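Please read the structure below before turning to the comments.
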There are 2 protein chains.
Amino acid sequence: MATMTDIAREAGVSLSTVSYALSGKRPISPATRERIQSAIDRLQYHPTASARALASQRTSLLGVAVPQREDVDAHVIMEFVSSILTASHEQDYDLLLVAAEDHERTRRVMDEGKVDALIVMDLVEDDPRIPSLAALPRPVVLIGYPQESGGLACVDFDFLSGAMLAVRELHARGSRRIGMLTSPAATHRPSPTYARRSRLGYTMACTELGIAPTIVEVPSDAESLGAFVREQLVQEQRFDALFVHQEPALAHLGRAFAAQGVACPEDVQIVAISPEDVAVSGPWDVSNVELPISSIGRTALAMLLEMLSGPAAPPHSRLLSPTFTPRGTTRA
Amino acid sequence: MATMTDIAREAGVSLSTVSYALSGKRPISPATRERIQSAIDRLQYHPTASARALASQRTSLLGVAVPQREDVDAHVIMEFVSSILTASHEQDYDLLLVAAEDHERTRRVMDEGKVDALIVMDLVEDDPRIPSLAALPRPVVLIGYPQESGGLACVDFDFLSGAMLAVRELHARGSRRIGMLTSPAATHRPSPTYARRSRLGYTMACTELGIAPTIVEVPSDAESLGAFVREQLVQEQRFDALFVHQEPALAHLGRAFAAQGVACPEDVQIVAISPEDVAVSGPWDVSNVELPISSIGRTALAMLLEMLSGPAAPPHSRLLSPTFTPRGTTRA
DNA sequence: GAATTTCGTCGAAACGCTTCGCCTGCATGG
DNA sequence: CCATGCAGGCGAAGCGTTTCGACGAAATTC
């Protein structure tokens, strides 16, 4: 392993000159720059990350706490990680993964200076990690929007506005008995921070439009959803539209509609909050309010870098605005 | 940020004593050990990772090159990553993620000593990265089993034996016209290293049992599979058993069987190579040869650590043995 | 043309840890 | 009773960078 000292000797210059040639922080004449470069090529020199980190007090590593629980969708997590990974690489950072469940370890990578900053995913309401994260001396960004964020920066989709948008679109297309379909899991403690917000948005929009809000919790399996369709849609005809915030339910719902002869845009309209790929992957193409996972990831990273460079602005939160895409499950 | 020097002063001992107390590499009297510990608690000391890495020449970081291509199953990748992450943490390592597509960067994290060792996923036949990886001075383990591994250590499922096992089980249960169903994508260049091996195993087992091998390539969508069932199973009755190495096909296949009245264990038996969760998640419970993703991940990590501690043994490869689990798609 | 700035380079001091060699008791064995 | 060994501790030399201050020489200012 060649060191900078070797390069200096080989190029006949001083150590510091090599360093400045590499970093560009001071002017170096083209001639010496070239001699240095050729020495580097000849000796196959690569700067040593740990030495660099020790001297410069920055690792060019970013931490990401990823959940591993069975009940979070692996696809979604992977898309978050991927978007963050790609964006990091673009900014010349590498990514350090740590299990979100192992909070002790998450803290440690920050305390020991293994990473310059941290992104924490999968926040829940009253997340017990928040105080401990807020006390850290380095930048932290949460993906999620807990009611009490302890002064930490947050990034998330604006579920409240998203839900309102969904209801308004259904209403504008003539529906008046608009139910909300969601999973019972979302109300279990600890509950993801978006559960409350989409419900609130749904309720607010209903109130605003003068219709009665009805939130229905159904487990995400085929049988439960089949029963729901049979009883509440076919028999009772309770709803003429559904706002669905329950991704795994969409495919089953589609099959249940088909099986029980519920005509989709005609009898019952549907708008979901979901990523595009799940909206179009099932038996039908679902009109949806887009859940922009990659954007959230990229935004989180951008905020982190912002905090790393300018300690100026106080940490703020950013909620991504909803967009509605009509597809096959709503009328024109 | 308190440093070790602060601790030494506070505890009234020398710098090296603190270091030895922390590492346990030399005996320290209980009394001093206690004074040191209390100083550490009082000053909230945490060792600085980069300083430690510089002095000790090890980072306690492991690299993982993960693929981000759309056509690899995010679930599978996530399970690999999860198993490796968990196992790393158990051994007190952290994980550095790098995009497998960015090979330049992958090399760099090794060259700059950002990680102690590397796991590379998603190997393909004649993978262009192999020579470059083989030249690295630190341990590397490949997940996959390319024909020419350049002397690198490999870990993978034994697809050859797995395919043979599947065919033998079908044969033992009375089937004589056993086809292999797989995806055309697997033969496209670059092809994953397992494609060739499962085909070879299938062919060998057929030869051994004196039956004619027939490999059918069908795209993984519902229509293509429906057509396949109609034409080759219902009309031609070409097969009385299927060895399926094509995970996304299983669910569609099940629905096509139901729709077209093919009785599953009776008319046609099925054995798949797949992870357990996909075998039991579809419309039926598929008898399968288990694809032990977590085990592969853990094994890869174990090999890496082995190479890190004992540079003794030459790098070897490890293929995990297949196990067969009868479920609803084979006869008793 | 003297005073000041800029350019290109060097030397040395951090950065915070690990580890090697050395020294001082004090028990141990023969 | 003397050589030996080990528990317990100290000092100093790295590990490979970054960065600050200094220094001639050349370029710029008035």
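Because the structure is a prediction, the values reported are computed rather than measured.
None of A/Phe157, A/Phe159, A/Tyr145 except one satisfies the ring pair (Phe, Tyr, Trp, His ring centres under 6.0 Å) rule with A/Tyr194; the exception is A/Phe159.
A salt bridge links A/Asp94 with B/Lys114; the closest basic N to acidic carboxylate O contact falls under 4.0 Å.
Across every non-hydrogen atom of B/Leu301 and B/Ser88, the tightest pair is CD1-OG, 3.3 Å. Residues A/Ala87 and A/Arg298 share a closest heavy-atom pair of CB-CG, 4.3 Å.
In this model, the phosphate group of C/dT19 is approached by a side-chain N or O of B/Lys25 to a distance below 4.0 Å at OP1 or OP2.
Not counting sequence neighbours, the partners of A/Arg42 by the salt bridge (charged side-chain N to carboxylate O under 4.0 Å, His left out) test are A/Glu10.
Taking a heavy-atom distance under 4.0 Å as the criterion, the stretch of DNA chain D touched by chain A extends 5' to 3' from D/dG16 to D/dA22.
Panel note: side chain B/Glu148, backbone B/Gly150; a donor-acceptor pair is recorded below 3.5 Å.
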Report each atom pair, protein N/O against N/O of nucleotides 9-16 of chain C, whose distance is under 3.5 angstrom.
| unit_1 | atom_1 | unit_2 | atom_2 | d |
| --- | --- | --- | --- | --- |
| C/dT9 | OP1 | A/Ser29 | OG | 3.0 |
| C/dT9 | OP1 | A/Thr32 | OG1 | 3.0 |
| C/dT9 | OP2 | A/Ser29 | N | 2.9 |
| C/dT9 | OP2 | A/Ser29 | OG | 3.4 |
| C/dT9 | OP2 | A/Thr32 | OG1 | 2.8 |
| C/dT9 | O4 | A/Arg26 | NH1 | 2.7 |
| C/dC10 | OP2 | A/Ser14 | N | 2.8 |
| C/dC10 | OP2 | A/Ser14 | OG | 3.3 |
| C/dC10 | OP2 | A/Thr17 | OG1 | 2.5 |
| C/dC10 | N4 | A/Arg26 | NH1 | 3.4 |
| C/dG11 | N7 | A/Ser16 | OG | 3.3 |
| C/dG11 | O6 | A/Ser16 | OG | 3.2 |
| C/dG16 | O3' | B/Thr48 | OG1 | 3.4 |

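The side-chain heavy atoms of B/His89 and A/Val98, taken from C-beta on, include a pair separated by under 4.5 Å.
Taking CG of B/Leu62 as the reference point, atom CD1 of B/Ile84 lies at 9.0 Å (rounded to 0.5 Å).
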